[in-house]
Amino acid sequence: MTDVAETGFAIHPMDQFIVKRFFCDAAHADCTTNIEWYEITNVTVWMAATVLAIVALMVFGSRGRAIIPSRIQSVGEMIYGFIYKMVEDVTGHDGVKYFPYVMTLFLFILFANLLGLIPGSFTTTSHVAVTVTLALMVFLGVTLLGLAKNGLGFLGMFWVSSAPLALRPVLAVIEVISYFVRPVSHSIRLAGNLMAGHAVMKVFAGFASMAVISPVAVGAVTAIYGLELLVAVVQAYVFTILTCVYLKDAVGGAHH
């Protein structure tokens, strides 16, 4: 078997997910080890870029408030109306007051996903550490809000009153387990989809350097890139609508 070093061909699809110091000369130092919490990394830089992109769209792009909106204002208004209707339809009138949080969550995930598709960028939402933090914020926020609004009545959501009495304790245990699994599935779904798509795209991009199959590889990368654009939007939507569903349990005091 020909050695990789001899052919000069190697694909490392997971290298793009390595956290490293942003201001670091890789030729003279190891940029990936012993990173302190206060150091600027590729994660913090692209998270900051995400925030700036949101500000550019929602603040500077809409500050004119023209009767005939510009393209950027139209995009901002379209996203605003779409998320507002989602929150109102899923959580009801009582949940609308939490729209700013849901809107912020959607915009952050959407822009982080889209910025991660820029060649040479870093996809922050491909890291479980980021998505778990977002999911835990939703989980803890919904749980505390549910207890604050409904007291111990919030625990009634675990008691399936419509089921036969003998099955209710068993179903209650299943409901409790599924409730505490929420932040796991909520976070891994987002990170896993983005990591898998980017890894596949990197593999096909590596094959594009081989002259024999480069036309096929370039075509595959183009197709996967288009699919990843769709995934970026869909995953932001899925994360947000699940947040609304969980929020409904808290503001509506859901009972089965």
Side-chain angles (χ1 to χ4, degrees), residues 10-63 72 75-76 79 83 100-141 183-184 186-206 221 224-225 228-229 231-240 243:
I11 303 174
H12 303 287
M14 304 308 290
D15 285 358
Q16 61 186 307
F17 305 113
I18 297 174
V19 178
K20 58 185 71 173
R21 296 178 181 86
F22 191 75
F23 300 105
C24 179
D25 185 0
H28 299 90
D30 186 354
C31 303
T32 62
T33 59
N34 300 320
I35 299 175
E36 301 293 342
W37 66 269
Y38 53 82
E39 291 184 285
I40 299 175
T41 64
N42 48 1
V43 179
T44 53
V45 167
W46 284 99
M47 288 180 73
T50 300
V51 174
L52 290 176
I54 295 171
V55 171
L57 173 65
M58 303 305 296
V59 178
F60 296 113
S62 303
R63 61 181 176 178
I72 190 169
V75 172
I79 295 175
I83 300 300
Y101 174 71
V102 178
M103 178 71 170
T104 302
L105 193 63
F106 174 77
L107 286 173
F108 179 82
I109 296 172
L110 177 64
F111 276 84
N113 292 352
L114 293 177
L115 288 175
L117 291 172
I118 298 174
S121 66
F122 186 87
T123 312
T124 55
T125 42
S126 66
H127 270 249
V128 175
V130 175
T131 58
V132 162
T133 301
L134 296 174
L136 283 176
M137 287 171 61
V138 173
F139 177 77
L140 293 175
V184 178
H186 207 188
S187 58
I188 290 178
R189 181 186 295 106
L190 174 59
N193 276 281
L194 293 173
M195 180 178 288
H198 282 62
V200 171
M201 191 155 50
K202 181 68 176 292
V203 169
F204 278 99
V221 169
I224 294 171
Y225 190 89
E228 282 300 292
L229 279 172
V231 169
V233 177
V234 169
Q235 288 304 314
Y237 171 78
V238 169
F239 194 99
T240 307
T243 299

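- Interatomic distance, Asn113 CG to Thr125 OG1, rounded to the nearest 0.5 Å: 3.5 Å.
- In this structure, the side chains of Met103 and Phe108 stay at 4.5 Å or more apart for every pair of heavy atoms.
- A heavy-atom distance below 4.5 Å is found between the side chains of Val233 and Leu110.
- With rounding to the nearest 0.5 angstrom, the CE atom of Met58 is 9.0 Å from the OG1 atom of Thr104.
- The number of heavy atoms from other shown groups lying within 6.0 Å of CZ (Phe204) does not exceed 12.
- Across all non-hydrogen atoms, the minimal contact from Val221 to Ala205 is CG2-N, 3.5 Å.
- The ring of Phe139 has its center no closer than 6.0 angstrom to the ring center of His186.
- The CG atom of Leu229 sits 12.5 Å away from the CD1 atom of Ile224 when rounded to the nearest 0.5 Å.
- Residues Thr50 and Leu114 fail the side-chain proximity criterion, which asks for heavy atoms closer than 4.5 Å.
- One finds the OH atom of Tyr237 at 14.0 Å from the CD1 atom of Ile109 (value rounded to the nearest 0.5 Å).
- Once rounded to the nearest 0.5 Å, the distance linking CD1 of Ile188 with CG of Asn193 reads 11.5 Å.
- Minimum interatomic distance between Thr131 and Ser187 (heavy atoms only, all atoms of both residues): OG1-O, 3.2 Å.
- Evaluation of the side-chain hydrogen bond (donor to acceptor under 3.5 Å, both in side chains) rule for His198 yields Thr123, Glu228 as partners, not counting sequence neighbours.
- Judged by distance alone, the side chain of Arg189 and the main-chain N or O of Val238 form no donor-acceptor pair under 3.5 Å.
- The distance from atom CD1 of Ile54 to atom CG of Leu107, rounded to the nearest 0.5 Å, is 5.0 Å.
- The shortest side-chain heavy-atom distance between Leu115 and Phe122 does not fall under the 4.5 Å cut-off.
- Scored by the side-chain hydrogen bond (donor to acceptor under 3.5 Å, both in side chains) test, Thr44 finds no partners at all (sequence neighbours excluded).
- The nearest pair of heavy atoms linking Thr41 to Val19 is CB-CG1, 4.0 Å.
- Scanning both residues, Phe23 and Ile40, for their nearest heavy atoms gives CE1-CD1, 3.9 Å.
- The closest side-chain heavy-atom distance from Phe111 to Val51 is not below 4.5 Å.
- The side-chain heavy atoms of Lys202 and Phe17, taken from C-beta on, include no pair separated by under 4.5 Å.
- Nearest heavy-atom pair across Met201 and Leu117 is CE-CD2, 4.2 Å.
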Given the rule in the side-chain contact (heavy atoms from CB on, under 4.5 Å) test, do Leu194 and His127 qualify, once you have shown the distances and angles that lead to the verdict? CA-CA 9 Å; Leu194 293 173; His127 270 249; over 6 Å; no
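- A distance-only check finds no donor-acceptor pair linking the side chain of Gln235 to the backbone of Ala232 [under 3.5 Å].
- A donor-acceptor pair under 3.5 Å is absent between the side-chain atoms of Ser126 and the main chain of Met195, judged by distance alone.
- Side chain of Asn42 to backbone of Lys20: a donor-acceptor contact under 3.5 angstrom is found.
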Evaluate Thr33 against Asp30 for side-chain contact (heavy atoms from CB on, under 4.5 Å), listing each step before the verdict. CA-CA 6 Å; Thr33 59; Asp30 186 354; 3.1 Å; yes
